[in-house]
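This is the structure, below, for whatever I ask next.
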Amino acid sequence: MAEKKFTTTSGIEIKEVYSEPRLITERPGEFPFTRGIQKDMYRGKTWTMRQYAGFSTAEESNKRYHYLLGQGTMGLSVAFDLPTQIGYDSDHPMADGEVGKVGVAIDSLRDMEILFDGIELEKITTSMTINATAAILLSMYIAVAKKQGADIQQISGTIQNDILKEYAARGTYIYPPKPSMRLVTDVFEYCSQQVPKWNTISISGYHIREAGSTAVQELAFTLANGKAYLKAAIDKGLEINVFAKRLSFFFNCHNNFFEEIAKFRAARRMWAKMTQELGASDPSAQKLRFHTQTGGSTLTAQQPLNNIVRVGNQALAAVLGGTQSLHTNGYDEALSLPTEAAAKIALRTQQIIAFESGVTDTVDPLAGSYFVEHLTDEIEAAAWKYIETIDAMGGAVNAIESGYMQQEIGNAAYEYQQDLEEGNRILVGVNKFTENDGVHAEVFRVDDSIRKVQTDKLNKLKAERDSIAVEKALAELAKVAAGNENLMPHILTAVEVYATLGEIADTLRKEFGEY
């Protein structure tokens, strides 16, 4: 009988024993940052504990935000519904059945004002998971901050703004790749001058992993996309030592504990080398800063309380891997949006790791582990092979347009599903240790009446606003979109006169076309 092979999810073989020592001379906070981007890491400050929330109307989401902030959440992470993500107002026929379902519906600046009512934007950080309409939503956020009297030079947070992974894995794109990349780099340029503390992109491996990639593919494709953004910004004339400081990453964390830790360590090392090769000399421009979310696709509808353990395992791996920010999923998210009880347990999971486990007392506690150091090297080598292939194709945009990334992710997802069905990988409660008594859990539902509520608000807004100012702002935006001028100031102007998200997106659709 052949000896059983043990492998990571990326197919890297795991030996029975690792006994090759490796001299660790690198210090945390020093190039290439394998051991972390800060010298003291969590001894100085714990990671930002975020909870991803947004559902129904801005009014309902605002109540959840106040609840989370009261429970000790340190930063908000906003989920938007699908119509908002793809540039449709709630009254659009394409929005039917989706308004407020997977996130909050934001149709105009008025909704954004309600969403953050009573929350001082200068005192919190906000992460917004938005891509195709990122420039519009950021403009709304800036407009709210200005109305609050905040110094927009001081507001901080992150917009995802990673359109390449939408083409590769997720699908909420609007425009073709080239005008989409223009919007991304326009945000880079505008924020570097006007909102310097804002992270202008969160280059996302999360959704690549959720689509079925391996850990190595998640790392390689994310960094390849990051490289494409660096080159696009350089081509626009931006200084890498300035704009690269405001780039951040968004990674997934799955169940293979040591593979995930090694992935994060390899990511920092690879990005440091990549930015250096493209001309970054400032250490702050070479540092890979990242947010982590525990793996949504790892959660099971069967025996949902098991997910609390999965999330705890993943959160601990993210912390040991050196994350700067962390969101933990609710145990019930395979069934519905998280209930308040599930959201609270998810947050308490982070707090227990931070304040009870002792893992924050020293920096990179797994450094020098024979296994972790070896696995970090193996993952890095495998990821570079993918990046070399993508570079040979002319970069990430070409690799996506040719379908290469999508095919690789699809193949990995298929192989994983086969392994589950054949019992080669165990998923507790699904293909082993199963129960036959069905699923018993409270679920959180958003009903379809939300669309009427949003439509009524839109009708009221349009009756009250200065329609001539709106028409003028949209006409000016169309004119600028046909040229090369930065779009952000003109989007902000349209937002401030209460042009709707759909009206702004449609203006750009007419100029750019749809993909």
- Item | Residues K15 and E20 bridged, charged N to O under 4.0 Å |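 A salt bridge is present here (some side-chain N lies under 4.0 Å from a carboxylate O).
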- Task: Grab the two heavy atoms, one from L247 and one from F188, that are nearest each other, plus how far apart they are.
- Result: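 Result for this residue pair: CD2-CZ, 3.8 Å.
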- Pair E218-S213, side-chain donor/acceptor within less than 3.5 Å: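 No pair is found: no donor N or O on one side chain lies under 3.5 Å from an acceptor on the other.
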- What are the two closest heavy atoms between G513 and P176, and how far apart are they?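 Scanning both residues, the minimum pair turns out to be O-CD, 3.4 Å.
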- Task: Decide yes or no on side-chain hydrogen bond (donor to acceptor under 3.5 Å, both in side chains) for D111 and Q454, but give the supporting numbers first.
- Result: CA-CA 9 Å; D111 284 327; Q454 285 298 112; 3.2 Å; yes
- Reported CG-to-CD1 distance for the pair L501 and I136, which is rounded to 0.5 angstrom: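 Spacing of CG (L501) from CD1 (I136) equals 4.5 Å.
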- Are the aromatic ring centres of F249 and W271 under 6.0 angstrom apart?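 For F249 and W271, the ring centres are under 6.0 Å apart.
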- Task: Step through it carefully: locate the ring centre of F221, locate the ring centre of Y386, and say whether they are under 6.0 Å apart.
- Result: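 Centroid distance F221-Y386: below 6.0 Å, so yes.
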- Task: Mind listing the closest non-hydrogen atom pair of S297 and E210 along with its distance?
- Result: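 Smallest interatomic distance, heavy atoms only, reads N-OE1, 2.8 Å.
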- Query: Donor-acceptor pair, Q324 side chain versus G322 backbone, under 3.5 Å?
  - Reply: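 It does hold such a pair.
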- Judged by atom type as modelled, is there a donor-acceptor pair below 3.5 Å linking the side chain of Q85 to the main-chain atoms of A132?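 Checking the backbone N and O of A132 against the side chain of Q85, no donor-acceptor pair under 3.5 Å is found.
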- Query: Is D186 paired with R182 through a side-chain N to carboxylate O contact shorter than 4.0 Å?
  - Reply: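 Yes, this pair counts.
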- Would you verify whether the NZ or CZ of K4 falls within 45 degrees of the ring axis of F6 while also being under 6.0 Å from that six-membered ring's centre?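 So K4 does make the cation-pi contact.
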- Message: Go through it in stages, so that I can follow the logic: the residues are F290 and F264, the test is ring pair (Phe, Tyr, Trp, His ring centres under 6.0 Å), and I'd like the CA-CA distance, side-chain angles, deciding distance and then a yes or no.
- Response: CA-CA 9 Å; F290 68 100; F264 297 133; 5.0 Å; yes
- Stepwise side-chain hydrogen bond (donor to acceptor under 3.5 Å, both in side chains) check, K165 with Q160: CA-CA 10 Å; K165 68 94 178 47; Q160 194 162 99; 2.9 Å; yes
- Check: N431/R425 side-chain N/O donor and acceptor closer than 3.5 Å: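 Per modelled atom types, N431 and R425 side chains form no pair under 3.5 Å.
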- For the pair S180 and Y173, evaluate side-chain hydrogen bond (donor to acceptor under 3.5 Å, both in side chains) and give the outcome as yes or no after the intermediate values. CA-CA 8 Å; S180 293; Y173 45 75; over 6 Å; no
- Message: Please evaluate residues Q314 and T298 with respect to the criterion side-chain hydrogen bond (donor to acceptor under 3.5 Å, both in side chains), reporting the C-alpha separation (whole Å), side-chain torsions for both, the decisive distance (0.1 Å), and the verdict.
- Response: CA-CA 10 Å; Q314 294 163 11; T298 69; 2.9 Å; yes
- Item | 4.5 Å side-chain heavy-atom contact, P338 and E333 |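 A side-chain contact under 4.5 Å exists here.
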- Can you list every side chain to side chain donor-acceptor pair (under 3.5 Å) pair that touches residues 388-403, not counting sequence neighbours?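 Sorted result for residues 388-403: K227-D391.
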- Please check if any side-chain donor atom of S325 sits under 3.5 Å from a side-chain acceptor atom of T48, or the reverse.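 Not at all, the side chains of S325 and T48 share no donor-acceptor pair under 3.5 Å.
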- Where the side chain of N252 meets the backbone of Y206, is there a donor-acceptor pair that is under 3.5 Å apart?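 Checking the backbone N and O of Y206 against the side chain of N252, a donor-acceptor pair under 3.5 Å is found.
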- Under 3.5 Å side-chain donor-acceptor pair for H254 and N256: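 H254 vs N256: no donor-acceptor pair found between side chains.
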- Item | R50 side chain vs T125 backbone, donor-acceptor pair below 3.5 Å |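 Yes: the side chain of R50 pairs with the backbone of T125.
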- Message: Please check this pair: side chain of E13 against backbone of K5, looking for a donor-acceptor N/O pair closer than 3.5 Å.
- Response: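 Such a contact is absent between E13 side chain and K5 backbone.
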- Message: Donor-acceptor check, side chain of Y175 to backbone of A505, threshold 3.5 angstrom: yes or no?
- Response: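 A pair under 3.5 Å: yes.
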- Backbone N or O of K101 within a donor-acceptor pair of the D81 side chain at under 3.5 Å?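 No.
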- Query: So how far is it from T214 OG1 to Y416 OH, rounded to the nearest 0.5 Å?
  - Reply: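 If we round to the nearest 0.5 Å, T214:OG1 and Y416:OH are 12.5 Å apart.
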- Query: Under 3.5 Å, is there a donor-acceptor pair between the T34 and E26 side chains?
  - Reply: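 Looking only at side-chain atoms, E26 and T34 do form a donor-acceptor pair, the distance falling under 3.5 Å.
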- Task: Considering non-hydrogen atoms only, spot the tightest contact between A95 and R451 and give its length.
- Result: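 Answer, listing the atom of A95 first, then R451: C-NE, 4.3 Å.
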- Return the minimal non-hydrogen interatomic distance between A168 and Q406, and the atom names on each side.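 Scanning both residues, the minimum pair turns out to be O-CG, 3.3 Å.
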- For T222 and N225, test the side chains for any donor-to-acceptor distance below 3.5 angstrom and give the result as yes or no.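 Judged by distance alone, the side chains do not pair up.
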- Backbone N or O of L326 within a donor-acceptor pair of the Q350 side chain at under 3.5 Å?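 Yes, Q350 side chain to L326 backbone: donor-acceptor pair under 3.5 Å.
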- Task: Provide the closest heavy-atom pair for A169 versus I409 in the form atom of the first, atom of the second, distance.
- Result: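 Closest approach of A169 to I409: CB-CD1, 4.4 Å.
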- Query: Side chains of S90 and D107: do they bring a donor and an acceptor to under 3.5 Å?
  - Reply: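 Yes, a side-chain donor-acceptor pair sits under 3.5 Å.
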- Do the side-chain N and O atoms of Q217 and R209 include a donor-acceptor pair separated by under 3.5 angstrom?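 Their side chains do not contain a donor-acceptor pair, so the 3.5 Å distance test is not met.
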- Item | Q286 side chain to T275 backbone, donor-acceptor under 3.5 Å |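 Looks like no, no N/O pair under 3.5 Å.
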- Query: Do the side-chain N and O atoms of Y88 and D506 include a donor-acceptor pair separated by under 3.5 angstrom?
  - Reply: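 The answer is no; no qualifying pair exists.
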- Would you call the rings of H374 and Y18 parallel, tilted or perpendicular if under 30° counts as parallel and over 60° as perpendicular?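 It falls in the tilted class, 30° to 60°.
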- Query: So, E373 and R265, do they make that salt bridge, N to O below 4.0 Å?
  - Reply: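 Yes, charged N to carboxylate O under 4.0 Å.
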- Would you tell me whether R310 and N313 have side-chain atoms, one donor and one acceptor, within less than 3.5 Å of each other?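 On atom types as modelled, these side chains do not qualify, holding no pair under 3.5 Å.
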- Please confirm whether the backbone N or O of V216 pairs with a side-chain atom of S10, one donor and one acceptor, at under 3.5 Å?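 Between the backbone of V216 and the side chain of S10 there is a qualifying donor-acceptor contact (under 3.5 Å).
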- Message: Atom NZ of residue position K236 - does it have more than 12 heavy atoms of other residues, nucleotides or ligands inside 6.0 Å?
- Response: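 Check passes, neighbour count above 12.
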